[in-house]
Structure formats: structure tokens, C-alpha cells
Protein chains: 4
Amino acid sequence: MSSYGENLRLRIFGESHGPAVGMTLEGIPAGERIDREKLKAFMERRAPGRNGWSTPRKEPDEPEFLQGLSDEVSTGEALTAIIRNKDIRPGDYAHLRNIPRPGHADYTAWIKSGGKRATSGGGQFSGRMTAPLCLAGGICLQLLEREGIRVISRIAEIGGICDRGELLSSTAEKDFPVVDDARGEAMRDRIACVKAESDSLGGVIECKVLGLPAGLGGPLFEGLESRIAAIAFGIPAVKGIEFGEGFASARLTGSENNDAFVLRDGRVVTETNRCGGILGGISDGMPLCFRVAVKPTPSITKVQRSVDLETMRETEISVTGRHDPCIVPRAVPVVEAAAAIAIYDALLGQRREQE
Amino acid sequence: MSSYGENLRLRIFGESHGPAVGMTLEGIPAGERIDREKLKAFMERRAPGRNGWSTPRKEPDEPEFLQGLSDEVSTGEALTAIIRNKDIRPGDYAHLRNIPRPGHADYTAWIKSGGKRATSGGGQFSGRMTAPLCLAGGICLQLLEREGIRVISRIAEIGGICDRGELLSSTAEKDFPVVDDARGEAMRDRIACVKAESDSLGGVIECKVLGLPAGLGGPLFEGLESRIAAIAFGIPAVKGIEFGEGFASARLTGSENNDAFVLRDGRVVTETNRCGGILGGISDGMPLCFRVAVKPTPSITKVQRSVDLETMRETEISVTGRHDPCIVPRAVPVVEAAAAIAIYDALLGQRREQE
Amino acid sequence: MSSYGENLRLRIFGESHGPAVGMTLEGIPAGERIDREKLKAFMERRAPGRNGWSTPRKEPDEPEFLQGLSDEVSTGEALTAIIRNKDIRPGDYAHLRNIPRPGHADYTAWIKSGGKRATSGGGQFSGRMTAPLCLAGGICLQLLEREGIRVISRIAEIGGICDRGELLSSTAEKDFPVVDDARGEAMRDRIACVKAESDSLGGVIECKVLGLPAGLGGPLFEGLESRIAAIAFGIPAVKGIEFGEGFASARLTGSENNDAFVLRDGRVVTETNRCGGILGGISDGMPLCFRVAVKPTPSITKVQRSVDLETMRETEISVTGRHDPCIVPRAVPVVEAAAAIAIYDALLGQRREQE
Amino acid sequence: MSSYGENLRLRIFGESHGPAVGMTLEGIPAGERIDREKLKAFMERRAPGRNGWSTPRKEPDEPEFLQGLSDEVSTGEALTAIIRNKDIRPGDYAHLRNIPRPGHADYTAWIKSGGKRATSGGGQFSGRMTAPLCLAGGICLQLLEREGIRVISRIAEIGGICDRGELLSSTAEKDFPVVDDARGEAMRDRIACVKAESDSLGGVIECKVLGLPAGLGGPLFEGLESRIAAIAFGIPAVKGIEFGEGFASARLTGSENNDAFVLRDGRVVTETNRCGGILGGISDGMPLCFRVAVKPTPSITKVQRSVDLETMRETEISVTGRHDPCIVPRAVPVVEAAAAIAIYDALLGQRREQE
């Protein structure tokens with residue numbers, strides 16, 4: 001079922017081409033003030049139509065709360081909000097009706113519906129569904145900040161161009177969220193170039209959680225890696241995730257990969273952080289680090305081969321409509337939202353065990 | 001909470017140093033015959049003590065069913081079984097009592113318990129917990145086979161040595177599960193060599209699900225990637241997962257990465273399979289492919305730096321006891337078990353939507 | 001958390017004095033046609049403002065579906081709908097702000113909110129929340145009918161006046177849902193009389209499920225009694241439930257209470273039905289019967305004693321505003337809705353065990 | 001699925017005629033000491049074989065903990081324990097193999113299993129399953145006591161003989177748990193008499209929760225009535241439940257039934273307690289009161305009519321074997337256990353909302 005969380009419980013509903021999308025978030029304690037302006041600012045980082053590398057589709061993304069907020073303060077009930085879809089142009093997809101776009105969910109959604117459903121280029125598979133995810137995540141980010149926990153992230157790589165430097169502070173204020181702006185400039189050029197070729201790009205996003213106490217998570221399916229991965233793969237286009245050194249650690253020996261425990265100012269810390277702040281599924285008090293691989297936007301105007309599902313003949317397709325040539329910049333706050341939800345869920349779990 | 005699944009529900013309980021481990025598996029339909037011999041053979045692939053590269057700890061791993069099986073046939077009730085722990089030697093870990101092993105869950109489990117619990121080198125963080133996981137997975141594998149679905153896997157890489165050739169059939173009969181035995185020989189030599197240096201190795205496991213119908217999974221948190229990742233990270237030492245081209249796809253353009261739809265014998269297939277058989281979180285009918293990164297075994301006899309948590313002084317540690325220099329070969333059936341559970345859960349989900 | 005069901009999952013959200021109420025219903029199989037007119041007709045049986053014994057508050061109760069319906073056919077996704085609140089007059093309750101109404105949730109809701117919330121005469125405690133319950137139940141009723149299962153009910157008693165005759169067919173078409181209309185007339189007179197005295201009445205509702213196959217439900221918490229009771233007590237004002245002979249069976253001996261198994265036309269049936277169609281938590285193929293006790297509407301204009309929570313002084317209260325002198329007639333379809341949801345949930349469970 | 005609870009999660013597994021029964025209880029906070037002697041004493045109140053009115057089957061009911069307890073202190077992991085079945089005599093039921101006992105789950109369990117399963121007089125439908133329920137409940141009772149919350153109960157009625165006096169303190173120390181021992185004597189005589197007639201009796205159990213803070217529970221399915229009813233109907237033979245005045249309140253007017261709010265020593269209390277301490281599904285700080293109806297033991301030696309399911313002919317049956325002529329006395333601690341689990345679950349829920 002379309003839900004996430006153990007202590008929180010997030011449900012996302014609606015469709016990109018229906019009247020509204022929305023979410024239900026159970027488990028937020030009563031008495032928490034939600035800063036609506038801050039939430040709006042966070043959601044705008046995801047919103048489309050802000051610049052040359054994102055779709056011109058415009059959505060004000062103003063949530064209407066149906067329950068759980070009273071005078072901007074949580075009541076302890078399930079937070080429920082809807083976000084109206086305003087800039088709908090299903091006509092944009094009319095030419096795609098029976099021809100699934102390669103790399104997109106059109107074909108599999110059609111199969112799943114038993115062939116009853118048109119491949120309409122949207123529904124629950126649209127990036128639009130990340131709007132309610134960001135709404136829930138934006139709320140969790142505010143609650144985490146009150147505990148001294150911050151979630152930061154950056155574009156680590158786009159089209160083979162890597163960012164430089166270490167991710168130490170938020171890139172949220174930046175127009176293009178990288179550490180090294182020169183590298184960001186190179187990435188933007190690469191996006192513009194590929195867009196001109198009617199093609200698209202993917203990339204890698206790095207995310208860190210700072211200020212996280214040790215002791216969150218647990219063994220087996222309660223592990224932080226399981227919880228973060230489960231929500232991160234809920235973001236359309238994510239195809240891989242690794243924690244700490246990840247795939248690189250598989251090439252090291254135990255003595256190279258283990259992080260030695262040392263004392264710093266009387267506190268136990270690890271000298272290195274190859275494990276990404278997680279041992280045995282539990283946070284160790286060091287920064288939690290992970291990276292997700294985002295595949296290139298499948299919707300491209302370049303001509304591709306496909307099949308007409310009505311006539312069952314091979315054909316070609318050029319996907320017009322409004323699409324990001326590279327979704328990675330807009331996906332950065334979505335990854336932060338996902339991390340915030342997973343971490344706040346684990347934090348509530350820790351409190352409950354210690355009640 | 002320590003459970004997995006939406007349509008199935010798996011719970012693993014017990015501790016490696018307690019009287020027994022076990023599992024509860026809800027959702028198996030009534031009337032399914034379980035082949036106990038086949039189940040035993042599958043679980044033996046994971047069992048320790050069989051050769052030079054695994055721990056000499058011996059466990060017969062004979063499950064005792066408390067519920068859900070009647071004359072080897074499922075009753076529709078929750079399958080519940082315990083596996084007695086027989087070869088327990090907690091004395092082996094006495095010297096570690098207050099000194100957490102680097103790279104292991106000792107420190108984080110101690111923190112999570114509020115400092116009340118000795119770092120006893122086991123509990124729910126032990127690889128022993130994968131015995132009930134294999135029990136559940138072995139049952140799911142049998143049920144999947146009846147639907148024409150097979151799960152195969154191999155060691156793709158150990159210590160930087162990659163297997164060669166494509167994974168097309170099961171490696172279960174092999175002593176060392178690789179496609180190219182010469183590469184397997186090289187990996188074994190590398191393990192022996194690193195073991196002699198009191199060190200350990202990690203690696204990468206590749207897993208494929210063949211015969212999977214299109215249409216399994218769903219958008220958002222129902223996606224196959226989310227479901228498989230959530231259980232795969234429940235396997236101790238897994239630090240990364242990628243589907244299809246995974247991180248490599250982040251470096252391609254859309255036109256390079258998209259898999260064109262074509263017709264073969266009147267069926268829609270994709271010409272390539274860079275998406276790993278999953279589009280929009282839903283299977284597309286091609287082989288489902290994923291790879292997991294396994295970090296090197298953290299328990300090594302090589303001297304490492306750590307902290308005595310009682311005296312709060314820095315110290316050194318050499319982990320003796322019975323440990324695998326490389327857990328990867330024994331983890332291969334565990335990855336298959338995890339995949340089988342996730343896939344069978346999704347298959348039940350598909351049936352329910354189509355009821 | 002505010003949800004119900006194992007195979008279905010129903011969530012109700014919103015508030016009576018907010019912008020909308022709504023529901024999410026997961027688990028409805030794809031491909032089911034929903035008759036919107038029939039659904040509307042069912043919901044109107046609950047709707048207020050239709051006659052002398054119900055509140056004059058008017059709500060068209062038109063659901064807006066956000067997800068899960070495509071051309072009136074279920075898609076297999078979670079059905080999500082909102083119902084706008086139109087006839088809101090929070091001013092009606094201004095005089096009650098700090099004075100909890102006896103018998104109502106005002107005081108306990110205030111306590112639960114930590115004293116932060118005004119006792120506003122509504123929120124999630126309002127009978128308004130039964131509108132989305134009826135929406136979900138109305139859908140389940142249609143699906144059950146396709147399986148030959150019907151849910152019927154009647155007012156068994158109001159203010160001490162009992163209906164006569166056996167409940168054998170639907171009372172849905174009746175203005176006042178009793179078997180014996182003369183008794184119904186007497187009940188109405190009694191309501192009018194008590195209303196004139198500024199007081200209110202409760203009653204008992206009897207519900208039967210006909211055409212139910214044997215084998216639904218299960219032992220322990222899976223039992224039909226547990227499932228039906230859990231949702232029936234979610235209806236405001238229900239204070240008791242009994243199945244079959246219920247409390248009366250506690251006064252019989254085993255030989256008096258047991259229902260003998262006999263053969264009728266080659267089928268096993270019970271000669272009597274004191275168990276109400278449920279043995280060991282599982283349906284036995286006979287009509288399922290239960291009765292719920294509904295307390296009198298707590299909101300009465302008659303002067304009652306209460307406490308001003310602001311000044312913490314004892315005071316008196318007369319509850320004006322729009323209230324039903326007897327909620328029982330409007331609760332009849334709500335009980336049917338609750339039963340339908342519980343039964344359809346159990347039916348899906350049975351199918352899954354037998355897959 | 002066979003589980004109970006929102007903040008706790010209880011699962012009961014095993015079968016009366018298999019090797020063991022057991023339970024998993026998730027959600028108990030870490031650091032709670034469990035008094036094993038006290039737990040044993042509580043479980044003995046339910047255990048059979050202690051006197052003339054219960055079955056002579058003997059079970060020491062000694063739980064073996066597999067997880068979650070370390071030196072008698074909870075670790076925060078899921079508490080998991082098994083209780084071996086020792087005094088198994090399936091031969092006792094051989095004569096019943098194809099003839100379902102009237103009033104028992106034999107027939108419905110057989111139907112549910114698709115006719116595959118013998119009507120073996122046990123499995124998960126046996127009263128034996130209340131042993132793990134009492135284990136879980138006994139633990140919750142200890143935790144509640146630390147919060148000043150006590151659960152008390154009594155036999156309110158057996159075979160039409162009612163206990164006298166108000167239930168104000170525990171009857172746990174009594175051999176026969178009533179308030180008025182003379183009435184208890186009369187009930188025992190009645191049981192002996194009916195037993196001599198090869199028949200059985202049912203009864204009513206009253207239960208109160210004292211010291212419960214106001215504010216537990218919630219609207220809709222979160223209500224205390226829903227939660228208590230869901231677990232109470234999990235006890236075999238329970239056929240009805242009512243809270244406060246219950247069915248009697250359905251015959252009162254609002255002004256008669258509402259409990260006036262008054263001040264006592266500066267605290268808001270209700271002058272009467274007809275609502276049984278629950279308003280709008282939430283505790284109001286007064287004693288929580290409910291009553292359950294227990295049907296007479298269906299297994300009687302008196303000859304009854306039934307059907308041979310193999311030959312499909314009508315036949316007669318006399319149930320020999322070891323059975324209680326009246327299960328009510330042994331069900332008293334089971335009702336306390338069920339109430340304790342429901343209340344502790346709600347208490348954890350309240351804490352979480354207020355975190």
C-alpha cells in the first residue's frame with residue numbers, strides 16, 4: 001500500500017492530471033508550530049517553472065490543510081492537506097495515447113491496469129507526486145531543526161561532471177545547489193547543450209544529516225539504510241543508493257574500511273566515516289551520508305523507437321510537452337524531504353523505545 | 001518495527017546468543033506444499049562451517065514449525081518456526097565486553113540500549129539472523145517456482161576481482177557461485193591471501209529474477225526498487241544497491257539510457273534492459289536485475305584502534321573468535337531469499353488488485 | 001491511528017467545522033464499477049435535514065474523487081474522496097466555548113488536546129464524520145451485492161418501544177426503517193414527545209448480513225465479532241454490541257444455546273441461529289446478526305449541570321444549535337455501512353487465503 | 001492478520017495440539033523490569049486443573065523468552081516467548097474427527113480450511129491460546145501498576161445468578177472471583193448441578209480500570225470502546241460487550257443518561273458514571289467500566305445433533321474429553337489481560353501524541 005513509516009505514517013494521494021494531489025501524515029506530536037512561510041519556501045525549491053533547466057509548467061503548490069493544524073499548531077491528529085492541480089494540460093499528451101514513452105512508466109502502468117488505462121503521461125507516476133512528499137518532508141525538516149538536526153544536500157554529479165569540495169553546509173540558498181559554483185556552471189552548460197540536442201541528463205545527489213544523535217534505527221528491517229532506501233526509491237527516476245563509501249567499500253579490506261573508534265573531547269567518535277554514520281542499521285553519531293543515482297529524464301523530443309499498443313505495430317515517438325532536460329536540480333529538495341521523513345520517523349521510534 | 005512486507009508480513013525474532021531464532025510469515029495462501037528437503041538444501045547454502053572461507057561455527061539450522069503447516073501443506077495461518085541455537089560460545093566474546101569492534105554494531109547497539117547492554121558481539125545484529133530470513137525466503141522461492149519465476153544470483157566481484165560472463169542460470173549447485181570458475185578461483189585465492197593477513201574482504205552480488213510477469217509493483221513507496229531495497233539493506237553488511245545500470249545510468253543521456261520498446265514474437269519487450277526490468281516501480285516483463293555492495297567483514301584479527309567504554313580510554317583490539325574472512329559467498333543465498341520474499345509479496349499484491 | 005481494516009484499509013479525515021471531510025479506501029480491486037447514483041441514494045439515507053426528527057443542517061454530501069476512479073471504474077489505487085462542508089455555522093457553538101456538554105466529547109477532547117483546544121462542538125467527534133464512513137460503506141455494499149451478499153437493518157427499539165416481527169428484508173425504502181410500521185409510528189410519537197420536553201432518546205439497531213458464505217474470519221483478533229465491533233464502536237454514541245443472542249446467551253445452558261447442525265437440501269446448516277452466524281470468529285453460512293446500543297443524543301436544550309473550564313466554576317448549560325432528538329434513524333445506514341466495510345474486508349481476506 | 005494494537009503490537013502464534021504456543025509483543029519500552037514471579041502468579045489464575053469447575057488438563061505454562069528480556073529487564077526489542085504444550089492428548093478427540101461439535105469452531109474451521117483440515121478440537125480456536133494472551137496481559141498489568149492504573153474484575157453473573165455489591169477492589173486473591181461470596185457459593189452450586197446434568201453454563205464478567213488518566217483514546221476507530229472490544233472478542237466464547245450502562249442506556253433519555261460535570265476538590269469529575277468512563281472514545285478520568293457476555297461452554301457430554309461431514313449424514317454426538325463446565329471463572333484474568341493490553345496500548349498512544 002502506498003504508505004511510508006513506522007512511527008510516522010505518510011500517505012500520498014491524488015494524480016497529476018486529476019483535481020488535486022495530497023497527503024496524510026500521521027504521528028506528528030501535538031503542539032508543534034508549523035512555519036507556513038518556511039514551508040512554502042522549501043516547496044518552491046522543488047516547484048517547476050523557475051528557470052531554463054526545468055519545465056515551464058507552473059503550480060503555486062499552496063497546500064490546503066483539512067485536519068491536524070489549528071492556528072498553525074499541530075493538534076496530534078493526522079495532518080491532511082490537499083494541493084490543487086491548476087496548470088493541467090492533458091491535451092499535451094494526446095499524441096502519446098497508445099505509444100508508451102521509452103524509460104517511462106507508461107507501458108508498465110498500462111499493463112498494471114490490465115490494459116484498461118490509457119498511457120496518459122501522468123497519474124501517480126508523475127513527478128507531481130513529489131509535491132506532497134515535499135510538503136510532508138518540509139514539515140519534518142522544521143521539527144528536526146528544533147532538535148538540532150539538519151539535512152543538507154547537493155548535486156554531486158550531472159552528466160559526468162562532478163562537484164568539488166566537501167558538503168559541509170546547506171546549498172538551499174543557491175540557485176544551483178553545488179558546493180563549487182564553477183562546477184555548477186559547467187553542469188548548467190552541459191544541460192543546455194544536451195537540451196539543444198533534444199536529449200536529457202541524469203546525475204547523482206549527495207545528502208547528509210548533521211547533528212543526528214547516535215542510537216537511531218535498529219537491526220534487520222529497522223535499519224536506517226532500509227528506511228531511507230525505501231523512501232528514496234519512491235522518488236521517480238532514482239535507480240541506486242549507497243551509504244558512506246557504498247560500492248567503493250566493497251573493494252576495500254576490513255582494515256581499510258573499518259572506522260576506528262577514538263576519543264575527541266571525551267566523546268567516542270570514529271576517525272573516518274566510511275560507514276556513512278550507520279553501523280548495524282543504527283546511527284553512530286557521525287554525519288549520516290548517502291548518495292542516490294538519478295537516471296536521465298526519459299521524456300525527450302529526440303525520436304525513439306516504441307510500439308503502438310492499439311495496433312501492435314512498431315513505431316517512433318518524439319515526446320513533446322513540458323519536461324525538464326535534467327530533473328536533478330529540482331530533485332535535490334525532494335531527497336532532503338525524503339531523508340527528513342525517514343529520520344524523523346526513526347527519531348520518534350527512538351523516543352518510544354526510551355519512554 | 002521489525003517486520004517486512006505488505007501482503008506477506010515477515011517477522012524475525014530471537015538472538016544469536018539466546019535459545020533460538022525464528023520467524024513468523026503471514027500471508028502464505030493455504031494449500032501450498034512445502035518441500036522440506038529442498039528448503040533444507042537451500043538453507044545449507046547459507047550455513048556456516050562448510051569450507052575454508054567461512055566460520056567453523058556449526059548450526060544444523062533445522063526449523064521447528066509451531067503453526068501454519070499441516071502435513072507439509074500450508075494452512076493459511078501465519079507460518080511460525082523456530083531454529084534452536086546450538087553451537088553458542090559467548091565466552092568467545094568475553095574479551096570484547098567493553099571494547100566495540102570497529103565497523104561492527106557493538107557501539108551503536110550499546111548506545112541504543114542506553115549503555116545498559118554489553119557489546120556482546122551478537123544479539124539481533126548477528127549474521128545468524130539471516131537463518132530465519134533464508135527460511136522465509138526458501139519457502140517463497142518454492143512458491144515462485146510454481147509460477148515459473150526463478151531467482152538466480154552470483155558473486156559479481158570480490159576484492160576488486162570481477163566475475164566474467166552474463167548471469168543466465170543458477171549458480172546454486174556450485175561450490176563457489178560465480179559464472180566464470182577461473183575468476184572464482186582467483187577470488188578464493190584473494191580471500192585466502194587476505195585471511196592470512198588477518199584481514200577480510202567485501203564484494204558485490206548480482207541477482208536476477210527471471211520469468212517475472214509485467215505489472216508487479218506500483219508508484220511511490222509501492223515500487224519494486226523500494227521493496228527490494230528495504231529488505232536487502234536488512235542483510236548485515238549491505239551498503240549499496242542499484243537496479244539495472246544504476247549509478248552508471250546517471251552518467252548517460254536519456255537517449256542512451258532509455259530502453260526502446262520493440263516487438264518480439266508479437267510481445268512487447270525492450271531491446272536493451274538498462275532499467276533492470278523496472279519502470280515507474282513496476283516490472284516490465286524483462287529480467288529484474290540488481291546488485292548489492294557488501295562491505296568487508298568488520299571482525300578481523302588485525303589490531304585496530306578502539307575505545308574501552310568502561311574506562312573511556314583509547315585502546316586496541318584484535319577480534320578473535322569464529323568469523324568469515326569474506327561473507328560474500330554465504331550472502332548469495334541470503335540475497336536470493338530477500339529477493340524472493342520481496343517479489344512474492346509484490347506478486348500477491350498484483351493478484352489482489354486484480355481479484 | 002485512525003484507520004480500519006486488514007485487507008481494505010479505510011482512513012477518515014477532516015473535521016466537521018473545517019473545509020472538508022474525506023476518506024481513503026485502499027484495497028478495492030481494480031475494474032469494479034461504482035454506481036454513483038446508487039451511492040448518492042445510500043448516503044442520503046444518512047444525510048440530515050430530511051424530516052422532523054433530524055437536525056435541519058443541510059449538506060449535499062457530494063463526494064469529489066481525487067484518485068482511484070476512472071470513468072466510474074476502480075483503478076486498483078487507493079480510492080480517495082473529499083466531501084466539502086458547506087453549511088458550517090461555528091457561531092452556533094460560541095456559547096459553549098468553555099462549558100463542556102454532558103455526555104459529549106467536549107471535555108475529553110479538550111483534555112486530550114492538553115487544554116489547548118476549545119470545546120467547539122465538532123472536529124472529529126461530530127456525527128459529520130459518518131458521511132465519509134457511509135461513502136466507503138456504500139461502495140462496499142455495491143461490491144458485496146455483486147457477490148450475492150446483502151446487509152439489512154432496522155430500528156429494533158427506541159425509547160423502550162420495540163419493533164415487532166423478524167428482520168427478513170431491507171427497510172431502506174422506508175421513511176422510518178422498522179419492520180412493523182405501527183411500532184414505528186409509536187416510536188416517532190415518542191421522539192416528538194421527548195423533543196417537546198427538550199430531551200432526547202437512544203435505541204437499539206439490529207443488523208443482518210444475508211448470503212454470507214461460511215468460512216470468513218478467523219481465530220483470535222481475526223474473528224468477525226472483533227472486526228465488526230471495532231468499526232461499530234467507531235460510530236459516535238454506540239455503547240454496546242452483541243452477536244446472536246449475545247447477553248441473553250450468557251443466561252442459557254450449553255444444551256440450550258448450542259445450535260444443532262442438520263442437513264437441509266444436502267447442505268449443513270444450523271437448526272437455530274443463537275450464535276448469530278459466527279462460530280469461533282468465523283461465519284457459518286447462516287445470517288450474521290448483531291445489535292448495537294445507541295445512547296440518547298447528549299445535546300439537549302434541557303438545562304444540565306456542567307463546569308466552566310476557564311473559570312473552573314460549576315455552572316449550567318442548555319445546548320441550543322441543530323441537533324437530532326434521536327439519532328437512531330439516521331444511524332441505521334451508518335451501521336449498514338460499518339458492517340459492509342467489515343464484511344468486505346473479511347471477504348477479501350478469505351480470497352487471499354485461498355489464492 | 002492475527003495481531004492487535006497500534007503502539008504495542010501483539011501477535012499470538014502456535015496451536016493447542018502442536019509443540020508450543022507463544023507471542024510476540026512489540027512496543028514495550030526498554031528498561032522495564034518484569035517480575036517473573038508475579039507474572040507466573042497471574043498466569044496461574046487462568047491455568048486449568050486447579051479445581052472442580054475447570055478442566056483437569058495440566059499445563060505448567062512456563063514461558064521461555066527468546067528475545068526482548070535481558071536480566072528480567074526489557075531491551076526495547078519485541079518481547080518474544082514460547083510456552084511449550086505438555087499435556088497433549090489428541091486421542092481424546094479422535095471420536096470427533098468428522099463430526100463438528102455444535103456451538104464450537106469445528107465446522108467453521110473445517111470450512112475455512114477448504115475441507116482439508118480435520119475438526120480436531122483445537123488449533124488456534126482452543127482456549128489454550130489465551131495462555132499467551134495472559135502472558136502479554138500480565139506484562140502490561142505490571143507496567144500499568146507503575147503508573148497507578150489497576151485493572152480489576154469479577155464474575156457479575158453465572159447461569160442467571162448475579163453477584164451483589166459494587167466492584168471496588170481486586171478479586172484476584174479469591175478462589176472464586178466475586179464480590180459477595182455467598183452469591184459465589186450459589187454460582188458454584190449451580191455449576192456443579194449443571195455439570196452433573198452433562199451440561200454447561202455461561203455468564204457475564206465485569207471489568208474496571210481504576211486510576212486511568214483522562215485523555216486516552218480518540219475519535220472514530222481510535223476510540224477506547226473499539227480498541228477494548230476488538231481484543232475482548234478475541235477471547236473465545238465472548239458474544240457481547242457493553243460500556244457503562246450499555247444496552248440499558250439505550251432505554252434512557254438524554255437528561256437521564258448524561259453524566260453531569262461537577263467539581264470535587266477542584267477537579268472536574270462526573271457526578272454519575274453511566275458512560276463507563278468514556279466520552280467520544282476518550283477516557284474522562286472516571287473508572288472505565290465494561291461487561292462482557294460469555295456463552296456457555298459448547299463442549300458438553302449431553303447428546304446433541306450434528307452431521308458427519310465425511311458421510312454427510314445426520315448423527316448424534318456426546319463430547320467427552322476434558323472441558324470446563326463453566327469457563328467464566330478462568331476467563332476473568334483473561335478479560336483483565338485483554339483490558340490491560342488495550343489500555344497500555346492507548347496509554348503509549350497518548351504519550352506519543354504529547355511527546
Side-chain angles (χ1 to χ4, degrees), chain C residues 1-2 4 6 12 100 102-103 105 108 111-112 124-125 160 194 199-200 202-204 214-215 219-223 225-226 229-230 233-234 239-240 242-243 246-247 249-251 253-255 257-261 263 268 279-280 282 284 293-298 300 302 304-307 314, chain D residues 1-2 4 6 12 100 102-103 105 108 111-112 124-125 160 194 199-200 202-204 214-215 219-223 225-226 229-230 233-234 239-240 242-243 246-247 249-251 253-255 257-261 263 268 279-280 282 284 293-298 300 302 304-307 314:
Chain C
M1 299 195 181
S2 192
Y4 175 82
E6 287 300 329
I12 288 176
T108 52
I111 284 282
K112 188 178 158 79
Q124 289 223 291
F125 300 91
V194 164
D199 213 334
S200 65
V204 175
L220 297 164
F221 321 123
E222 290 177 79
E225 291 108 331
S226 286
F233 280 115
K239 294 298 280 188
E242 58 181 4
F243 294 85
F247 280 88
S249 74
R251 275 141 218 151
T253 65
S255 63
N257 186 60
N258 286 344
D259 301 301
F261 291 110
L263 289 171
V268 179
L279 286 171
I282 302 175
D284 69 1
V294 179
K295 72 175 185 183
T297 315
I300 53 176
K302 207 166 202 171
Q304 300 176 86
R305 297 169 60 196
S306 186
V307 169
E314 295 193 351
Chain D
M1 300 194 179
S2 191
Y4 176 82
E6 287 301 328
I12 288 177
T108 51
I111 285 280
K112 188 178 159 77
Q124 290 223 292
F125 299 92
V194 164
D199 214 333
S200 66
V204 175
L220 298 164
F221 320 124
E222 291 178 77
E225 291 108 331
S226 285
F233 280 114
K239 294 298 281 187
E242 58 181 5
F243 293 85
F247 280 88
S249 73
R251 276 143 217 148
T253 64
S255 62
N257 186 59
N258 285 344
D259 302 301
F261 291 110
L263 289 172
V268 178
L279 286 171
I282 302 176
D284 70 0
V294 179
K295 72 175 184 182
T297 316
I300 53 176
K302 209 167 202 171
Q304 300 176 88
R305 298 169 59 196
S306 187
V307 169
E314 295 195 351

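Keep in mind that what you see is a predicted model, and the values were worked out from it rather than measured. So that the names make sense, note that chain A is the first sequence line, chain B the second, and so on, each numbered from 1.
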Review point. So, does D:Thr108 use its side chain to make a donor-acceptor pair with the main chain of C:Leu279 at under 3.5 Å?
Key: yes
Exercise for review: Report the option among D:Ala214, D:Ser255, D:Gly215 that has the most heavy-atom pairs separated by less than 4.5 Å from atoms of chain C.
Suggested key: D:Ser255
Practice item. Tell me, for D:Leu220 versus chain C, whether the close heavy atoms (under 4.5 Å) come from the side chain, the backbone, both or neither. Key: both
Practice item. Report the C-alpha separation of D:Val204 and C:Arg251 in whole Å, then their side-chain angles, then the decisive distance to 0.1 Å, and conclude whether the side chain to side chain contact (heavy atoms under 4.5 Å, CB included) test is met. Key: CA-CA 9 Å; D:Val204 175; C:Arg251 275 141 218 151; 4.2 Å; yes
Point to revise | For the student: nearest non-hydrogen atoms of D:Asp259 and C:Pro102, plus distance | key: O-CB, 3.5 Å
Exercise for review: Flag the one option from C:Lys295, C:Lys239, C:Glu314, C:Glu242 with the top tally of heavy-atom pairs under 4.5 Å to chain D.
Suggested key: C:Lys239
**Study point:** Non-hydrogen atoms of C:Ala230 and D:Phe221 that approach each other most closely
**Key:** O-CD2, 4.5 Å
Exercise for review: Count the heavy-atom pairs under 4.5 Å between each of D:Gly246, D:Gly254, D:Ala105, D:Gly202 and chain C, then report the option with the highest count.
Suggested key: D:Gly254
Revision key, fill the gap. Here the pair of heavy atoms bringing C:Ser226 nearest to D:Ala229 is OG-O, 4.4 Å
Point to revise | Under 4.5 Å from a heavy atom of chain D, the part of C:Glu225 involved | key: both
Check your understanding: Between D:Leu263, D:Asp284, D:Val307, which has the largest tally of heavy atom pairs under 4.5 Å with chain C?
Key -> D:Leu263
Revision key, fill the gap. Note: vs chain D, highest number of non-hydrogen pairs under 4.5 angstrom among C:Ile300, C:Ile111, C:Val268 is C:Val268
Exercise for review: Heavy-atom pairs under 4.5 Å with chain C are the metric here; pick the option from D:Ala250, D:Ala260, D:Gly280 that has the most.
Suggested key: D:Ala250
Point to revise | For C:Phe261 against D:Pro100, the heavy-atom pair lying closest together | key: CD1-O, 3.7 Å
Practice item. Output the option from D:Val294, D:Ile12, D:Asp199, D:Val194 having the highest count of non-hydrogen pairs under 4.5 Å with chain C. Key: D:Asp199
**Study point:** Part of D:Gln304 within contact of chain C (heavy atom distance under 4.5 Å)
**Key:** side chain
Point to revise | Interchain contact, C:Lys302 with chain D, by part (heavy-atom threshold 4.5 Å) | key: side chain
Review point. In a check of side chain to side chain contact (heavy atoms under 4.5 Å, CB included) between D:Asn257 and each of C:Ser200, C:Pro298, C:Pro296, which one passes?
Key: C:Pro296
Practice item. Tell me, for D:Thr253 versus chain C, whether the close heavy atoms (under 4.5 Å) come from the side chain, the backbone, both or neither. Key: both
Practice item. Using non-hydrogen atoms and a 4.5 Å limit, figure out which bit of C:Ser306 sits close to chain D: side chain, backbone, both or neither. Key: both
